[in-house]
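The structure under discussion appears below in the form of structure tokens.
Throughout, a chain's letter reflects where its sequence line sits, starting with A, and its residues are numbered from 1.
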Number of protein chains: 2
Amino acid sequence: MAQKPTIPKGTRDFSPIQMAKRNYIFNTIKDVFLLYGYQQIETPAMENLSTLMGKYGDEGDKLLFKVLNSGDYLKKVPGELLSSRDHVHMIPCISEKGLRYDLTVPFARYVVMHRDELQFPFKRFQIQPVWRADRPQKGRYREFYQCDADVVGSDSLINEIELLAMIDEVFKRFGVNIVIKVNNRKVLSGIADVIGAPDKLVDITVAIDKIDKIGIDNVNEELKEKGLSQEAVDQLEPLLNLKGSNAQKLDTLEQLLAVSETGKKGVEELRFVLGHVEQLGLKATVELDVSLARGLNYYTGTILEVKACDVEMGSITGGGRYDNLTGVFGMPGTSGVGISFGADRIYDVLNTLDLYPSDTISSTKVLFVNFGQKEAAASLHYVMQLRARGISAELFPDNAKMKKQLSYANGKHVPYVAMVGETEMASGTITLKNMETGEQSNLSLDQVVDMVK
Amino acid sequence: MAQKPTIPKGTRDFSPIQMAKRNYIFNTIKDVFLLYGYQQIETPAMENLSTLMGKYGDEGDKLLFKVLNSGDYLKKVPGELLSSRDHVHMIPCISEKGLRYDLTVPFARYVVMHRDELQFPFKRFQIQPVWRADRPQKGRYREFYQCDADVVGSDSLINEIELLAMIDEVFKRFGVNIVIKVNNRKVLSGIADVIGAPDKLVDITVAIDKIDKIGIDNVNEELKEKGLSQEAVDQLEPLLNLKGSNAQKLDTLEQLLAVSETGKKGVEELRFVLGHVEQLGLKATVELDVSLARGLNYYTGTILEVKACDVEMGSITGGGRYDNLTGVFGMPGTSGVGISFGADRIYDVLNTLDLYPSDTISSTKVLFVNFGQKEAAASLHYVMQLRARGISAELFPDNAKMKKQLSYANGKHVPYVAMVGETEMASGTITLKNMETGEQSNLSLDQVVDMVK
């Protein structure tokens, strides 16, 4: 009864080379997180639906993967729901758990449940998969990793500065040139105030978030449809088009937003953050971009987004400050700020620019050819001695044809092949072949170690 | 509308200290896997139910977590199933995906799907969570990590030898003294042959698997209930009670199983594996244990199990050889051998014996106290310089009371606290406090680096 196996659409297997590259990405980010004093946590893949529902909007609720209750899951379903095939209202009767949709809501739930054992400000990072029943398309998957760092329980803008420095360090290690675009939601509020449309803040942020995609003219059109006056639209455009250095932009904004308390606060926050960041001398370009809005409405202060300079690719990292992450779980007033690295896009950027270190995909350094039982036994001892010196080594387990053994080495990107036949056994040496140059030499074990290390 | 949040029963949050300890375990195992030439893969959390169902027995099918189809999942349900509330037969209509139950079946599915791009023998490892709707109890969770290494596509017993050496290396690094018990399914078959009950092999393995739990008398009782004659039971007992060295046991077995071809083959395999392993001089005690059966019926050759010597805890690692992993997916004749480390039990063993390296749980090495805006700016520069030298450091983001800042450092197990106040700023120095001894010294940045490195 052989089936031809498949995997669910929108999901992926990660084969050794992909895994090695992904591990390089996650380990690099993780090292930087730890260097900055962030601590790792993990939460379960399944959360109660009561924790997840209502947190991502109606559309999000639909995109949650729901897990069927065990046993007789129909037990609690009222007859009328069954007969009317009311699949929507039946869900709470047959499913009480769902798969994690992002890392933010589980983190908020975690903070509330563990509040008594945590040190605040709590700096955590989390690298785990999330699941969304989105329609799969190029670059969009139903299972993908998120890679988040957040600080909760501190209003200090030092956290923003630290996060920007952390982003800089990560991409410096990757060798990717980046621009970090920074804005502040309070500045956007201030703009809504001064153009006389404070009630239209959400419409304004949603619209200007699309400038890159649809252009300023379409944005203006959309704003007018949403009820903004022509005058307001005219006032808005130059604000989104500020020119000059960050300091010059801030000076202009300060004047333009002088009548808005919120706007002034936003400018002040930006000045503090950008000023300190400039002093730290980051490698990345940090650019104030008033047209940066970020769709998510829970942001309340600093917002930021990262783009790669040398490759066309959307935002590869993003984040911002939010004021009430845990309120929905009964713990109000906890401010936080966080960032999220887009692992799949960073993977594509590093592939496009060919930036993986050369040893990323090689696992085994030396493969010993298997010439038969006696030679294999001798080789096994060498293999163990190489491993004891920290060199990844293996013996081909079967006495297969040389061609097969060498093709195994090639397929696995093994840089050195070692041969111990009768001659070598008699002389206590190893013939080592460099798989790149084809060069062969007869060496002692110590010389092999020196060569391959 | 604040809810008091909870997590699904049988699942766990992993907080920073637990995560650090678990990372230590997984990283140690992973390092050894890589040293031995194993390559990592990952498979999706969700598999098609057609991949999973029927692979774990009827009980396993019930314990699979099933994921509700998206959209109108009732669409394809025939009316009569709804009206008769036939929850069993309705499952295939409303759910086509389930959560991974182990790593073995997804691995088999992976090998078949990717056969054309893999190098055989394929040595893979995989460290991912699995989910089972088991009744949660002490030490048994509904979500837990498995940590498997397998070689497929090679009959060579060198793979067994390598796996035993790998187990030895892992526990040597942990500092845990272990006994590796080894047996061979062919020896068990041979025993069934010579006691005249070749058709009772499964009953015999199932029964003797329980010797440790219920004792030999109850095992004998169970065997008689299963239809074994008193004579057969009498013949079996001494076979399970062999004394002496491995070589002596093998000699005895060889005589006793002389009439069984399968039995003789099993003895020969054990002799080869145990002989080579003895020559490698492992730290672990490797012990032939004919009463080792391991419940899973897909094993066909070597089987093994690991116990910790200095703490009472069931098997902490196990494995064996199987002959037809991928046959069910249309790729027959692929032999493999693998092991699985029991991460949760190893975690408990290391906790009980207090074997975690002292730096496992400390993330930040130096915390700078925040004395206000000017001091914080100066401290931030020091923090960045320490990080540039690879030292994990942070600045407390808020100008909070000293007591709060020090208690944060204590809670996070930070070994050094640095203070840069007005005096230090004037002299360009740092006051460093050792949090364990309470000692304080006034140092230059370079001296701080030397001190904490």
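Under the side-chain contact (heavy atoms from CB on, under 4.5 Å) criterion, A:Ser392 pairs with A:Thr364, not counting sequence neighbours. For A:Asp86, the side chain to side chain donor-acceptor pair (under 3.5 Å) test picks out A:His89, with sequence neighbours left out. In this structure A:Asn23 satisfies the side chain to side chain donor-acceptor pair (under 3.5 Å) test together with B:Gln40, sequence neighbours excluded.
Using a 4.5 Å cut-off on side-chain heavy atoms (C-beta onward), A:Gln119 and B:Ser407 make contact. At least one side-chain heavy atom of A:Phe65 sits less than 4.5 Å from a side-chain heavy atom of B:Met46. A:Leu280 has its side chain within reach of B:His381: a pair of non-hydrogen atoms, C-beta onward, lies under 4.5 Å apart.
Considering CD of A:Glu162 and CZ of B:Arg387, their distance stands at 4.0 Å, rounded to 0.5 Å. Annotation: the span from A:Gln39 atom CD to B:Met19 atom CE amounts to 11.0 Å, rounded to 0.5 Å. Note that CD1 of A:Ile91 is 6.0 Å distant from CG of B:Leu68, once rounded to the nearest 0.5 Å. Here CG of B:Leu395 is found 12.0 Å from OH of A:Tyr36. Values are rounded to the nearest 0.5 Å. To the nearest 0.5 Å, atom CZ of residue B:Phe120 and atom OH of residue A:Tyr408 are 11.0 Å apart. Atom CD1 of A:Ile391 is separated from atom CG of B:Leu35 by 9.0 Å, given to the nearest 0.5 angstrom.
Taking B:Ala133, B:Ser95, B:Ser154 one by one and counting their heavy-atom pairs under 4.5 Å with chain A, the maximum is reached by B:Ser154. Ranked by heavy-atom pairs under 4.5 Å with chain A, the list B:Lys62, B:His114, B:Glu169, B:Lys365 is led by B:His114. With respect to chain A, the highest number of heavy-atom pairs below 4.5 Å among B:Thr6, B:Thr11, B:Val88, B:Thr43 belongs to B:Thr6. The candidate with the highest count of non-hydrogen atom pairs below 4.5 Å against chain A, out of B:Lys66, B:Arg85, B:Glu394, is B:Arg85. Annotation: maximal heavy-atom pairing with chain B below 4.5 Å, among A:Ala108, A:Ala45, A:Ala376, occurs at A:Ala45.
For A:Met384, the part lying under 4.5 angstrom from a heavy atom of chain B is the side chain only. Contacts of B:Phe272 with chain A are made by side-chain atoms alone, with heavy-atom separations under 4.5 Å and no backbone atom involved. Heavy atoms closer than 4.5 Å to chain B are found in the side chain of A:Ile158, but not in its backbone. Contact annotation for A:Glu42: both backbone and side-chain heavy atoms come within less than 4.5 Å of a heavy atom of chain B. For B:Ile94, the part sitting under 4.5 Å from any heavy atom of chain A is the side chain, from C-beta outward, and nothing else. Heavy-atom distances place the side chain of A:Leu99, and not its backbone, under 4.5 Å from chain B. Within the 4.5 angstrom heavy-atom criterion, only side-chain atoms of A:Gln373, from C-beta onward, approach chain B. With a threshold of 4.5 angstrom between heavy atoms, B:Ser70 approaches chain A through side-chain atoms but not through N, CA, C or O. With a 4.5 Å cut-off on non-hydrogen atoms, A:Lys9 does not touch chain B at all. Heavy atoms of A:Ile161 lying under 4.5 Å from chain B belong exclusively to its side chain.
No side-chain donor-acceptor contact under 3.5 Å links A:Ser156 and B:Asp398. A:Tyr38 and B:Ser363 share no side-chain donor-acceptor pair at under 3.5 Å.
A donor-acceptor pair under 3.5 Å links the side-chain atoms of A:Lys412 to the main chain of B:Gly37, judged by distance alone.
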Point to revise | Working for salt bridge (Lys or Arg N to Asp or Glu O under 4.0 Å), residues A:Arg109 and B:Asp13 | key: CA-CA 10 Å; A:Arg109 192 267 310 144; B:Asp13 286 324; 2.6 Å; yes
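The stretch residues 121-129 of chain A places A:Pro121, A:Phe122, A:Lys123 near chain B, each with some heavy atom under 4.5 Å from a heavy atom of that chain.
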